[in-house]
Amino acid sequence: MTEQNRVSVQLQGLRKVYGDAVALENFSLDIAPGELVALLGPSGCGKTTALRILAGLDTDHTGQIIINGKDIAGTPANKRNMGMVFQAYSLFPTMSVLENVAYGLRVRKVDKAKRDARAQQLLDLVGLGAMGKRLAHQLSGGQQQRVALARALAIQPNVLLLDEPLSALDAQVRTQLRDEIKRIQTEVGTTTLFVTHDQEEAMAIADRVGVMRHGVLEQCAPPQEVYLNPANVKVAKFVGAMNSLPAEVTSPTTLRIYGQTVNLRVGEGGTPTSKAGMALIRPEQLTLTHGDGSGPASATITNLTFLGPLTRISVRMTGDSSVLFIAMPSAIALDFPTGSTVNVEIRATSVLLDF
Amino acid sequence: MTEQNRVSVQLQGLRKVYGDAVALENFSLDIAPGELVALLGPSGCGKTTALRILAGLDTDHTGQIIINGKDIAGTPANKRNMGMVFQAYSLFPTMSVLENVAYGLRVRKVDKAKRDARAQQLLDLVGLGAMGKRLAHQLSGGQQQRVALARALAIQPNVLLLDEPLSALDAQVRTQLRDEIKRIQTEVGTTTLFVTHDQEEAMAIADRVGVMRHGVLEQCAPPQEVYLNPANVKVAKFVGAMNSLPAEVTSPTTLRIYGQTVNLRVGEGGTPTSKAGMALIRPEQLTLTHGDGSGPASATITNLTFLGPLTRISVRMTGDSSVLFIAMPSAIALDFPTGSTVNVEIRATSVLLDF
Amino acid sequence: MKKKLTSVNYLVLLAASAFFIFPLIAAFEFSLRVNKGKSHGFENFRWVFQQGGFKTNLGVSFRLALLTAVAVLVLMVPTVVYLHLGGGRWKRMIEFICLVPLVVPVISFALGVGTAFPVFLQSTVYELSFLYVIVSLPYTYRALDVGLSSIPLMTLVEASRASGASMRQTLLFVIIPTIRSAVNGAVFLAIALSLGEFTLAVLLHWDTFPTWIANISQGHILNAIALSVVSLVGAWLVVLVMAVAPKSLRSNKTQEATS
Amino acid sequence: MKKKLTSVNYLVLLAASAFFIFPLIAAFEFSLRVNKGKSHGFENFRWVFQQGGFKTNLGVSFRLALLTAVAVLVLMVPTVVYLHLGGGRWKRMIEFICLVPLVVPVISFALGVGTAFPVFLQSTVYELSFLYVIVSLPYTYRALDVGLSSIPLMTLVEASRASGASMRQTLLFVIIPTIRSAVNGAVFLAIALSLGEFTLAVLLHWDTFPTWIANISQGHILNAIALSVVSLVGAWLVVLVMAVAPKSLRSNKTQEATS
């Protein structure tokens with residue numbers, strides 16, 4: 001069911017102020033036809049504001065919204081032809097599931113037979129083909145969001161907007177529906193903006209992840225890129241778990257950390273201006289070997305948290321008492337009980353320095 | 001702040017029926033003094049019923065509830081001296097945070113100076129020492145649950161009961177508060193029953209995890225044990241992700257799976273009665289090598305989902321078209337783009353067979 | 001705990017029922033007394049229907065009720081919806097204004113407001129409808145407000161807008177169907193008030209069904225009781241129709257939907 | 001969208017205000033007219049206070065209001081709480097029973113219920129309180145019901161029980177403080193109804209403040225208007241005290257709590 005409605009979206013220099021608070025500052029984002037971009041950030045970072053501006057639900061802003069080369073900033077929400085899925089409970093409670101999905105066509109005065117056929121097609125796509133006659137309250141939360149997705153897609157929207165569609169759901173349903181949304185979006189090919197505060201969700205679903213902090217888009221890149229090569233210290237610290245290790249700058253390209261030499265990666269902040277700082281290293285970039293309590297990388301295991309495939313080990317460094325987290329495959333972690341003496345090894349090819 | 005109130009809990013042969021539905025069937029569980037047991041299961045599995053029976057909030061049941069050797073089945077809820085934390089919104093809205101925490105002492109007629117001092121001590125313990133004068137609605141969800149925890153602990157309860165205390169919170173707050181609860185419980189040493197539907201939560205927090213299905217306790221063991229050595233096929237399939245691979249029984253102790261020989265582990269189901277079945281292997285027990293498209297373990301990569309430290313790779317087996325999931329450190333997964341031809345290798349020391 | 005509550009519930013229910021049902025039975029028994037209480041029959045009722053003005057006055061009251069209901073429907077529903085969409089800024093003030101008719105005794109309305117009304121309005125019995133809309137304001141506003149507060153109005157409106165609907169379509173297709181029971185409740189309250197109101201009608205010297213009953217009852221106590229029973233049963237029928245009809249319609253629809 | 005709504009809101013507010021405020025101003029102006037409308041002064045008001053029965057009848061009305069309020073507090077609050085805790089089984093039936101006074105015209109109450117009351121009750125003006133409790137039932141029940149529905153009652157009760165509190169302690173320390181504004185609302189509704197009620201008092205031949213006003217006003221239209229303004233202002237003061245006092249107490253407490 002690939003549809004022809006593939007459009008590009010360009011948001012240019014958006015700025016939005018609520019009272020004294022700047023919700024969005026010089027926000028620019030290009031979305032390619034058929035691409036799925038996820039905006040990731042804590043609540044209040046402006047991600048939802050950006051989505052609502054694109055939807056036309058938030059109007060007092062500056063900047064351009066260009067769809068297929070045409071600025072639509074003046075077009076009201078109901079003329080923008082966007083499909084939107086809300087956080088929860090957005091189905092019309094008095095309409096059947098089929099009527100909900102057909103609603104956008106009904107207000108466009110498409111005749112009943114035609115719109116019902118289209119709605120049924122969409123319900124089949126989201127795996128609820130047999131539920132068309134139910135009412136919203138007869139569905140589970142996950143099913144309701146599937147219907148909301150079908151309703152958003154029924155009008156063959158220019159852009160699909162998903163505003164935290166999974167955050168009200170249980171962990172298991174969330175994961176399942178996340179993969180489902182990705183599959184459907186790939187199949188239909190609609191240009192999509194997805195807003196979430198859940199990192200794993202953003203990473204798993206998006207072609208590109210836009211990391212937002214305080215109304216500013218810090219980085220927008222494929223998930224691996226954001227995680228493995230964060231543009232700056234802010235992104236590095238916000239996305240995923242991160243250890244800060246004391247580091248000495250030994251050359252323009254190398255650091256010395258707990259007696260080990262590691263390559264320095266230069267982020268947006270430029271080259272270090274001081275001789276020391278904190279190196280940012282992920283828990284899975286550290287590993288352990290059994291130790292004898294001597295040496296600069298010596299440490300003691302203080303705690304183990306079993307997380308299924310991975311185990312998170314906390315160690316206290318013998319030298320400076322700082323606490324580090326190490327993520328290890330659980331099968332290997334069995335060799336390292338609480339209290340044992342270890343050496344911490346850095347397995348990172350290059351690291352960012354917070355100076 | 002280790003407290004002296006360490007009691008053992010024995011639930012024996014609990015059975016509870018709602019109308020025609022059996023909520024709990026022959027449920028027996030011993031909790032050692034100071035231990036934290038998590039009951040894990042989907043909604044409707046009876047885990048909350050077990051907790052409510054222990055709390056005295058659910059009364060029409062059969063079976064014994066023995067606290068420190070004494071059966072308390074006939075004691076009403078307000079005489080059981082249990083501390084309870086609910087899913088959400090259980091703080092008394094008209095009382096200050098301090099008054100909430102002191103409430104259990106107030107109804108026990110402890111004088112004001114004494115109970116306020118105790119409440120302040122508990123607020124300090126949960127990291128909200130400065131918030132005593134606030135009202136509940138002035139706190140975030142996570143802070144409210146900390147207060148609820150302080151309130152539950154203020155009465156020096158025999159048992160601490162936590163009924164999905166984290167499920168209404170955001171992912172980040174959830175993880176943080178989970179570790180905090182574990183720390184406080186270890187410090188205070190109160191025997192604790194924790195109910196959750198979130199596997200990672202149960203794994204991370206509990207000394208032992210009790211896996212429940214349809215009112216029956218299937219296994220109760222330390223997290224690693226449940227994950228790495230599930231008692232039976234039901235537990236294996238419910239806890240964590242699991243692949244099912246077609247296997248031939250080649251000897252009483254070995255299986256042949258995609259041309260590889262793997263040790264058979266005998267679970268509660270006993271030795272296999274048939275010559276073939278599905279071997280249960282976790283995604284991280286599989287790994288990939290670059291392949292040439294031949295051989296029984298040949299496969300094609302169909303999709304990659306980046307999950308931070310791990311990447312989940314889906315492959316389609318060349319021979320039988322079945323789809324397997326493989327969890328790999330993300331740094332290694334970069335070598336395996338979508339569409340490449342690979343061989344699947346099994347890295348499990350022994351596997352369960354679903355026959 | 002549940003067991004104990006059940007028996008308390010029975011007691012409460014019994015007490016509440018006795019409060020209403022005993023007087024009703026007594027009234028009905030009274031209304032059947034004929035021959036100075038020596039025997040029972042339906043003669044009082046027959047007498048009632050034969051009195052002059054029965055039809056006329058009942059007609060006036062029903063027309064007043066209809067007019068009041070329409071006014072509530074047309075004025076109040078869009079107003080309260082707009083208030084809810086426009087944020088909470090005005091809600092407090094409007095709520096306060098809606099409390100006013102509660103604290104202003106009806107008698108003050110009759111005297112104070114009555115004199116301030118334009119004369120052309122005062123020349124017809126339908127001026128009462130205006131007053132009834134005002135007097136019922138605290139209840140009708142509250143019913144609609146509760147109805148709208150219990151639904152995720154903003155999300156539904158935005159979902160409808162994003163689907164391409166105009167505000168008019170949104171109101172008609174989404175909002176009103178969703179709060180239909182609240183709308184029914186508000187209209188029903190207005191009707192019940194209009195049918196039974198006595199003070200304003202009497203003080204402004206208009207004849208409605210209640211004032212006619214009060215009039216007729218002078219010196220004919222048994223007949224008056226019979227009349228009160230008749231008007232009561234009539235009003236009950238109105239409630240039943242209004243309360244049951246939409247529900248059975250809805251359950252039919254649900255059945256159809258799930259079959 | 002918000003911009004448009006704001007101006008609509010202003011219009012609504014203006015219309016609503018005009019509905020009340022214009023008549024009130026007119027009434028006040030009327031009440032100040034002396035010398036057959038040739039000049040203005042406070043003489044009408046002075047005259048009002050000098051009339052025989054002002055204090056007596058206002059006293060009766062206030063005592064009736066107090067009695068009704070106490071009855072609502074003692075009877076209704078625990079009942080509605082118990083209904084909520086005992087599950088939804090009885091709620092529908094009770095709601096239906098609570099609708100009855102709405103559909104039974106007050107006049108029917110006066111005639112039907114009045115005759116069925118025990119004689120010892122009928123011998124005192126305070127029989128009106130019983131009727132006022134019944135007539136206000138739909139509103140007081142609804143206020144308490146909405147209040148209790150808006151809080152997580154079951155969880156609060158269980159949290160209190162688990163903390164070691166008895167049901168009595170739970171009711172006093174947790175539930176009533178939490179729904180205090182609903183309780184205030186219910187009591188206030190009962191008071192407002194008692195203070196302004198006319199029909200029942202007149203038909204059962206008791207003298208209350210409203211019937212006294214109606215009586216006095218015969219032939220003294222300007223004075224009657226002044227009276228209506230006085231009673232209106234008096235009632236407003238009652239509301240203001242009831243509505244503002246608890247709030248300012250609360251905000252003091254909050255300030256203390258956050259300082």
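The structure displayed is predicted, hence computed values, not measured ones. A note on names: the letters A, B, ... follow the listed sequences, proteins ahead of strands, and every chain is numbered from 1.
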[X] vs [Y] side-chain heavy atoms within contact, under 4.5 Å:
X: A/F325; Y: A/M242; result: no
X: A/L162; Y: A/L149; result: yes
X: A/T287; Y: A/I332; result: no
X: B/L228; Y: A/L334; result: yes
X: B/V342; Y: B/I326; result: no
X: B/L352; Y: B/P230; result: yes

Where the side chain of [X] meets the backbone of [Y], is there a donor-acceptor pair that is under 3.5 Å apart?
X: A/Q144; Y: A/A136; result: yes
X: A/R146; Y: A/V126; result: yes
X: B/Q185; Y: B/G34; result: yes
X: A/E201; Y: A/T196; result: no
X: B/N243; Y: B/L245; result: no
X: B/Q145; Y: B/Q87; result: yes

Part of A/Q199 within contact of chain B (heavy atom distance under 4.5 Å): side chain
Residues from residues 299-317 of chain A approaching chain B under 4.5 Å (heavy atoms): A/T305, A/F306, A/L307, A/G308, A/P309, A/L310, A/R312
Proximity of residues 174-183 of chain A to chain B, residues having a non-hydrogen atom under 4.5 angstrom: A/R174, A/R178, A/D179
Contact winner vs chain B - A/Q285, A/R347, A/H197, heavy-atom pairs under 4.5 Å: A/H197
Residues from residues 204-224 of chain B approaching chain A under 4.5 Å (heavy atoms): B/A204, B/P223, B/Q224
Residues which pass salt bridge (charged side-chain N to carboxylate O under 4.0 Å, His left out) with B/D354, listed by chain and number, not counting sequence neighbours: B/K237
Non-hydrogen atoms of A/G142 and A/V173 that approach each other most closely: CA-CG1, 3.8 Å
